[in-house]
Amino acid sequence: MKRRSGQDRSITQHWRPATLAVRGGTARSEWGETSEPLILSSGFTYDKAADAAARFAGEQRGMTYSRLQNPTVEMLEERIALMEGAEACRVQASGMAAMTASLLCQLQTGDHVVAGRAAFGSCRWLTDTLLPKFGIATTIIDARDNDAWVDAIRPETKVFFFETPANPTMDVVDLRFVCGLARERGITSVVDNAFATAALQRPLEFGADVVAYSATKMMDGQGRVLAGAVCGTKAFIDDVLLPFQRNTGPNLSPFNAWVVLKGLETLDLRIRRQSENALKVGKFIEGRVPRVLFPGLPSHPQHNLAMSQMDMAGCIFALNVDGGRSQAHAILDALELVDISNNIGDSRSLMTHPASTTHSGLSEEVRLQMGIDEGMLRISIGLEDPQDVIDDLDQALRAAGL
Ligand SMILES: *Cc1c(COP(=O)(O)O)cnc(C)c1O
């Protein structure tokens, strides 16, 4: 690999976010290709045995094995780090691999974690089932309540873990307060930023320590690959995360890294247009159903907080109907354009019933505590003409008696 301008921080530090999304991290091979090269190779070779020894000793820069480094994967890591404003980033095979790694790499038996109650279903499984199995206690709180964070702290509290906006109830967490509190008490804050991405919200600017991603969602943005990422200080990534990641192997394949690199080139365009579209659809839906949960709308109780920490509100929102599962399913079944799908952040508009899909693995008690009832639907607005999405929802709501 020769020209590494996209990886030279003395050059990239002057670039603005939209430029970084297109060019950050790019390294070119001897062929001078314009698009990022896809290096599908599990291992690498050495001219001399001494070179192999030097690379393993960390004395010579270069690749050894794709569980440890890969040129295409490194381009993605550098691009995400630059966009996030982080010193370093490592990518993983999925968002859940990223969440698991970001927690397990720094926790041990006897530690305590405080986590937001509204969360992606598998994130709740990590805090409710996996961590306690290893003797790591967790306290689940209403993450919107700043006092609840203060009250939950114990001497052994090691990590605050939350998402904002949170899936699927769209709870917003006060980043400046919660991350500031964590700093003050020597606790590491881990923020799942999948809904917003660095294009709309940069938790590190509010004092977060670690930002973790499902890159499957907005970053790929076209429903193709699973991917995850963890960003933080160089010390956290190199000394805490990397020993865990390199030895347990939740690595992202170079092919998937390449797909996400191409996705990031259009992230800024997509997320802004999709956020605009979502606002239009949200305003329409608001008059038609009993409740819409969308931080982008003034009716959301945390609208002001959301807009003080996000550039735009993103493309995902939830709504409630009074007729429970049968009415929610009737709306989904009547859709002609919007797909029934549990994915989010795609260029296609997608709608799901969380209680029977993404959050069906949780007990009803936990679901209700999170605010997910049988009449809730979640929608992710895509890049279609928003009027076509509105027309489709209009006829589907009518078909379901609304
Ligand atoms: C999808 C999602 C995850 C999990 O990511 P995968 O890529 O599906 O493993 C974690 N957190 C949030 C907020 C998500 O939306």
Side-chain angles (χ1 to χ4, degrees), residues 76 80 89-104 115-131 140 143 159-173 175 189-201 203 208 210-231 245 250-253 256-257 259-260 263-264 267 271 274 278 293 295 306 310 313-318 341-346 350-352 354 357-362 370-372 376 378-382:
L76 176 62
I80 294 174
C89 166
R90 286 291 176 271
V91 292
Q92 296 79 23
S94 68
M96 285 322 301
M99 301 306 153
T100 307
S102 67
L103 294 174
L104 285 187
R117 65 176 188 188
F120 187 69
S122 293
C123 292
R124 279 298 300 261
W125 186 85
L126 293 183
T127 54
D128 296 6
T129 307
L130 185 74
L131 296 182
I140 305 297
V159 167
F160 280 179
F161 179 49
F162 63 94
E163 41 186 89
T164 183
N167 194 344
T169 49
M170 308 309 291
D171 288 1
V172 178
V173 180
L175 281 169
S189 55
V190 178
V191 182
D192 179 342
N193 198 34
F195 275 31
T197 78
L200 299 184
Q201 172 174 275
V210 177
V211 182
Y213 278 105
S214 169
T216 312
K217 313 293 169 54
M218 285 309 309
M219 289 197 193
D220 169 31
Q222 288 147 88
R224 300 167 294 194
V225 298
L226 297 186
V230 180
C231 302
Q245 174 156 338
N251 296 66
L252 183 64
S253 100
N256 289 1
V259 172
V260 178
L264 288 177
L267 172 66
I271 203 165
Q274 286 176 241
L293 292 166
M310 303 177 77
C315 65
I316 299 148
F317 65 88
S341 173
N342 44 279
N343 199 9
I344 50 172
D346 198 290
L350 306 173
M351 202 166 179
T352 196
T357 61
T358 51
H359 293 71
S360 61
L362 303 171
M370 288 170 73
I372 302 169
M376 174 178 276
R378 185 191 68 196
I379 187 161
S380 173
I381 301 297

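Indexing begins at 1, ligand by ligand and atom by atom, following the structure's order. For the single chain, residues carry numbers from 1 onward in sequence order.
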*Enumerate the atoms of ligand 1 whose separation from the nearest heavy atom of Ser94 is less than 4.0 angstrom.*
7 (O), 9 (O)

*Examine ligand 1 and decide if any of its atoms is less than 4.0 Å from a heavy atom belonging to Tyr213.*
no

*Which residue holds the protein heavy atom closest to atom 4 (C) of ligand 1, what is that atom called, and what is the gap in Å?*
Phe120 CE2, 3.3 Å

_Any heavy-atom pair between the side chains of Asn256 and Leu76 that's under 4.5 Å?_
no

*Out of Pro203, Ser102, Ser189, Cys89, which residue meets the side chain to side chain contact (heavy atoms under 4.5 Å, CB included) rule with Val211?*
Pro203

*Below 4.0 angstrom from a heavy atom of Ile344, which ligand 1 atoms are there? Numbered from 1 as shown, please.*
15 (O)

*What's the verdict on side chain to side chain contact (heavy atoms under 4.5 Å, CB included) for Met351 and Ile379, showing C-alpha distance, side-chain angles and the deciding distance?*
CA-CA 4 Å; Met351 202 166 179; Ile379 187 161; 3.9 Å; yes

_Quick check: closest heavy atoms across Asn342 and Thr358, and the distance to 0.1 Å?_
CB-CG2, 3.7 Å

*Yes or no on side chain to side chain contact (heavy atoms under 4.5 Å, CB included) for Leu226 and Met96, after CA distance, side-chain angles and deciding distance?*
CA-CA 10 Å; Leu226 297 186; Met96 285 322 301; over 6 Å; no

_Restricting to non-hydrogen atoms, name the atom on Asp220 and the atom on Thr216 that form the minimum distance, rounded to 0.1 Å._
CB-O, 3.9 Å

_Looking only at distances, can you tell me whether any N or O atom of Gly95, backbone or side chain, sits closer than 3.5 Å to an N or O atom of ligand 1?_
yes

*Which ligand 1 atoms does Phe195 reach within 4.0 Å, using its non-hydrogen atoms?*
15 (O)

_Does Glu163 form a side chain to side chain contact (heavy atoms under 4.5 Å, CB included) with Asp171? I'd like the steps, not just the answer._
CA-CA 9 Å; Glu163 41 186 89; Asp171 288 1; over 6 Å; no

*Under 4.0 Å from a heavy atom of Asn167: give me the atoms of ligand 1 that qualify, with their elements.*
15 (O)

*ligand 1 versus Glu163, non-hydrogen atoms closer than 4.0 Å: side chain, backbone, both, neither?*
side chain

*asked:* Just to be sure I'm reading this right: ignoring hydrogens, which of Met99, Lys217, Met96, Gln92 gets closest to atom 2 (C) of ligand 1? Compare them by their nearest heavy atoms.
replied: Lys217

*Which one of Thr216, Thr164, Asn193 has a non-hydrogen atom at the shortest distance from atom 7 (O) of ligand 1?*
Thr216

*asked:* Contact between Met310 and Thr164 at the side-chain level, heavy atoms closer than 4.5 Å - yes or no?
replied: no

*Please state which protein non-hydrogen atom is closest to atom 13 (C) of ligand 1 and give its distance, to 0.1 Å?*
Asp192 OD2, 3.3 Å

